[in-house]
Number of protein chains: 2
Amino acid sequence: MPSQTSAVLGALDPTSDRAVFRQIADQLREAIDKGRFKEGDKLPSETELVEHYGVSRMTVRNSLSVLQGEGLVVSEHGKGVFVRPRPPVRRLASDRFARRHRQQGKAAFTVEAEAAGSRPEVDSLEVKEERPSQDIATRLGGPRKVLARRRRYLLDGRPVEFAVSYIPLDLASGTPIAEPNPGPGGIYARLEELGHHLDHFDEEIRARMPSPQEIRTLRLAAGVPVIHLIRTAYDSEGRAVEVCDTVMAADAYVLSYQLPAT
Amino acid sequence: MPSQTSAVLGALDPTSDRAVFRQIADQLREAIDKGRFKEGDKLPSETELVEHYGVSRMTVRNSLSVLQGEGLVVSEHGKGVFVRPRPPVRRLASDRFARRHRQQGKAAFTVEAEAAGSRPEVDSLEVKEERPSQDIATRLGGPRKVLARRRRYLLDGRPVEFAVSYIPLDLASGTPIAEPNPGPGGIYARLEELGHHLDHFDEEIRARMPSPQEIRTLRLAAGVPVIHLIRTAYDSEGRAVEVCDTVMAADAYVLSYQLPAT
DNA sequence: GACGCCTACTCGTCTATACGAGTAGGCGTC
DNA sequence: GACGCCTACTCGTATAGACGAGTAGGCGTC
């Protein structure tokens with residue numbers, strides 16, 4: 001029903017000093033916001049928009065690229081431009097590293113995902129010794145070498161998170177922490193078994209646009225930022241025992257913290 | 001020295017199947033990453049890039065728009081395209097609402113900004129009674145009317161944050177909370193004076209691309225996401241006494257939380 | 001010197017056209 | 001029915017050209 005375009009979209013205002021491609025983008029955005037195009041709906045094709053507005057195709061494409069940059073739509077080569085579906089979000093509670101969870105012995109990601117009815121996967125395992133970057137070394141108190149554990153998390157086949165844990169090599173070497181699978185409860189459980197009683201975590205949160213590498217790894221659509229979280233774990237002696245550097249697809253997460261008011 | 005372009009940028013690979021505009025974007029990105037173009041530097045003009053690569057101007061513009069979308073560069077009409085300077089970041093510690101800070105009587109934003117050597121400003125004051133949105137009402141336990149306090153925060157003249165506090169009207173009405181200036185220590189201090197002893201805060205954090213309205217309010221450059229933080233304050237009886245909905249320019253903030261491991 | 005114009009350069013917008021490549025469905029052949 | 005081709009439609013990439021508008025500096029006039 002291509003002729004329905006005119007039922008949803010209005011006309012341009014030739015007296016406006018607002019650029020034509022912005023006017024078109026505005027109309028499409030409004031139509032999406034008001035639900036006249038719903039999640040997953042196909043927008044009118046470029047050709048239809050060209051005919052509807054009487055402008056050239058490059059102008060229409062310019063409009064659509066504005067909406068892509070805002071993360072409102074995604075284009076699929078050969079198929080069309082679609083209103084971007086909002087993926088269900090995964091909530092990360094601030095007590096997700098509480099000892100009581102650790103003692104249950106299952107990985108937090110797996111438990112939470114299954115509770116939410118999603119199929120969790122962990123891949124791209126890489127565990128190796130490295131020389132830490134300046135930043136990581138500083139956070140860990142200056143070790144010369146660290147064990148780096150890299151993994152990627154997927155939900156229902158969609159990559160949502162990429163994480164690297166760095167542990168000072170003198171803590172990790174020869175322990176289950178250096179194994180691809182560190183066992184139930186993860187490396188925090190192993191650290192505590194090794195006598196490093198965990199005291200607290202520091203988390204730093206930034207948001208930014210992804211690098212091309214991150215776009216590939218997380219298969220990000222245009223206009224989706226990432227949340228960059230750097231967590232440092234401290235034991236009861238105040239020593240930093242682990243730094244975890246995590247990049248998350250921002251459209252898949254809500255972080256949740258509870259803070260005392262005292 | 002326009003001829004320096006060829007000293008920094010290489011040639012295209014005609015055998016590559018990577019699109020020409022992507023190859024150009026890659027080369028510019030690499031040059032920026034490696035510091036051959038530094039923060040604030042002007043990139044070669046579109047015309048220079050056209051001559052250097054032997055492509056059409058639209059192709060060059062396409063490359064530059066890729067970098068703009070990544071937030072790496074900003075263009076200034078009539079002047080050129082510049083490597084985007086990274087503004088100094090403002091750190092928000094998770095103890096910023098601790099009672100001891102509140103009792104000192106100065107607004108947290110002002111104190112922190114001056115400590116960091118920046119000039120803080122708060123503007124766009126609006127305090128009025130409203131019917132809450134569905135979401136806000138739910139978070140506050142369903143009041144029919146709320147007091148909404150809107151303000152915008154600036155650092156050295158640059159808007160960095162827009163915040164709206166919602167307080168159930170039956171708590172705020174006729175108190176200093178309903179005044180444009182609620183007095184030392186802010187509304188949290190007033191709430192405690194009114195017998196609402198604060199117990200804890202919940203914070204929800206999302207990251208996303210800004211709406212056109214947010215781009216205007218925060219004067220955001222292309223490719224800068226926002227951090228959306230929703231804080232709910234609870235008193236010792238478990239009642240939600242305030243919801244603060246905050247939108248921050250992501251390039252200006254690092255959020256910092258400390259979590260117990262217990 | 002102060003002012004204003006003029007010019008050269010910058011990016012912004014828009015048109016018109018061409019071809020490439022991915023998708024989906026029809027339709028005929030086997 | 002299964003397969004493969006063909007076609008029509010989609011978006012992706014690139015060219016060439018035109019005009020508009022903001023910026024900054026030179027330069028002449030006053």
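The structure presented is a predicted model; accordingly, all values stated were derived computationally and were not measured. Just so we're on the same page: letters track the sequence lines, and every chain starts at 1.
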Examine [N]: is either OP1 or OP2 under 4.0 Å from a nitrogen or oxygen in the side chain of [X]? Give yes or no.
X: B/Ser45; N: C/dT10; value: yes
X: A/Arg22; N: C/dG12; value: no
X: A/Lys79; N: C/dG22; value: no

Please pick, from D/dT13, D/dT10, D/dG20, the nucleotide with the shortest atom-to-atom distance to any side-chain atom of B/Ala19.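 Side chain of B/Ala19 sits closest to D/dT13.
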
Can you identify which nucleotide, out of C/dG12, D/dG12, D/dT10, has its nearest atom closest to the B/Glu46 side chain?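 For the B/Glu46 side chain, the nearest candidate turns out to be C/dG12.
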
Within residues 49-66 of chain B, find the residues that approach DNA chain D with a heavy atom at under 4.0 Å, and present them sorted by residue number.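 The stretch gives B/Val55, B/Ser56, B/Arg57, B/Met58, B/Thr59 as the residues lying under 4.0 Å from the strand, ordered by number.
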
Less than 4.0 angstrom from a charged side-chain N to a carboxylate O is my criterion; do A/Glu70 and A/Arg29 meet it?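 Yes, charged N to carboxylate O under 4.0 Å.
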
Hey, is B/Glu161 close enough to B/Arg152 for a salt bridge, meaning N to O under 4.0 Å?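 No, this pair does not count.
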
In whole angstrom, what separates [X]'s [atom1] from [N]'s [atom2]?
X: A/Glu76; N: C/dG22; atom1: CD; atom2: C1'; value: 11 Å
X: A/Asp41; N: D/dT10; atom1: CG; atom2: C1'; value: 17 Å
X: B/His77; N: C/dC11; atom1: NE2; atom2: P; value: 9 Å
X: B/Glu48; N: C/dA8; atom1: CD; atom2: P; value: 17 Å
X: A/Gln68; N: D/dT10; atom1: CD; atom2: P; value: 17 Å

5'-most by nearest nucleotide on DNA chain D - B/Arg18 or A/Gly78: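 Closer to the 5' end of DNA chain D: A/Gly78.
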
From A/Arg151, A/Arg150, A/Glu214, residue fulfilling side-chain contact (heavy atoms from CB on, under 4.5 Å) relative to A/Phe162: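 Testing A/Phe162 for a side-chain contact (heavy atoms from CB on, under 4.5 Å) against A/Arg151, A/Arg150, A/Glu214 leaves exactly one candidate, A/Arg150.
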
Positive for side-chain contact (heavy atoms from CB on, under 4.5 Å) with A/Phe21, one of A/Val60, A/Asp26, A/Thr59: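 The residue from A/Val60, A/Asp26, A/Thr59 that satisfies side-chain contact (heavy atoms from CB on, under 4.5 Å) with A/Phe21 turns out to be A/Thr59.
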
For A/Arg131, I'd like to know if atom CZ has over 12 heavy atoms of other residues, nucleotides or ligands within 6.0 Å.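 Result for CZ/A/Arg131: open.
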
Structure string for DNA chain D in dot-bracket form, Watson-Crick and G-U at under 3.5 Å, | interchain: ||||||||||||||||||||||||||||||

Without hydrogens or angle criteria, can the side chains of B/Tyr257 and A/Glu204 be said to hold a donor-acceptor pair below 3.5 Å?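 No - no donor-acceptor pair under 3.5 Å links their side chains.
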
With under 30° as parallel and over 60° as perpendicular, where do the rings of B/Phe109 and B/Tyr153 fit, or are they tilted in between?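 Geometry flag for B/Tyr153 against B/Phe109: tilted rings.
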
If we check side-chain hydrogen bond (donor to acceptor under 3.5 Å, both in side chains) with A/Asp245, which of these qualifies: A/His228, A/Arg139, A/Arg231?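 Going through the options one by one, the only one that passes is A/His228.
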
How long is the span from the CG atom in B/Leu43 to the OG atom in B/Ser75, to the nearest 0.5 Å?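 Answer rounded to 0.5 Å: 10.5 Å.
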
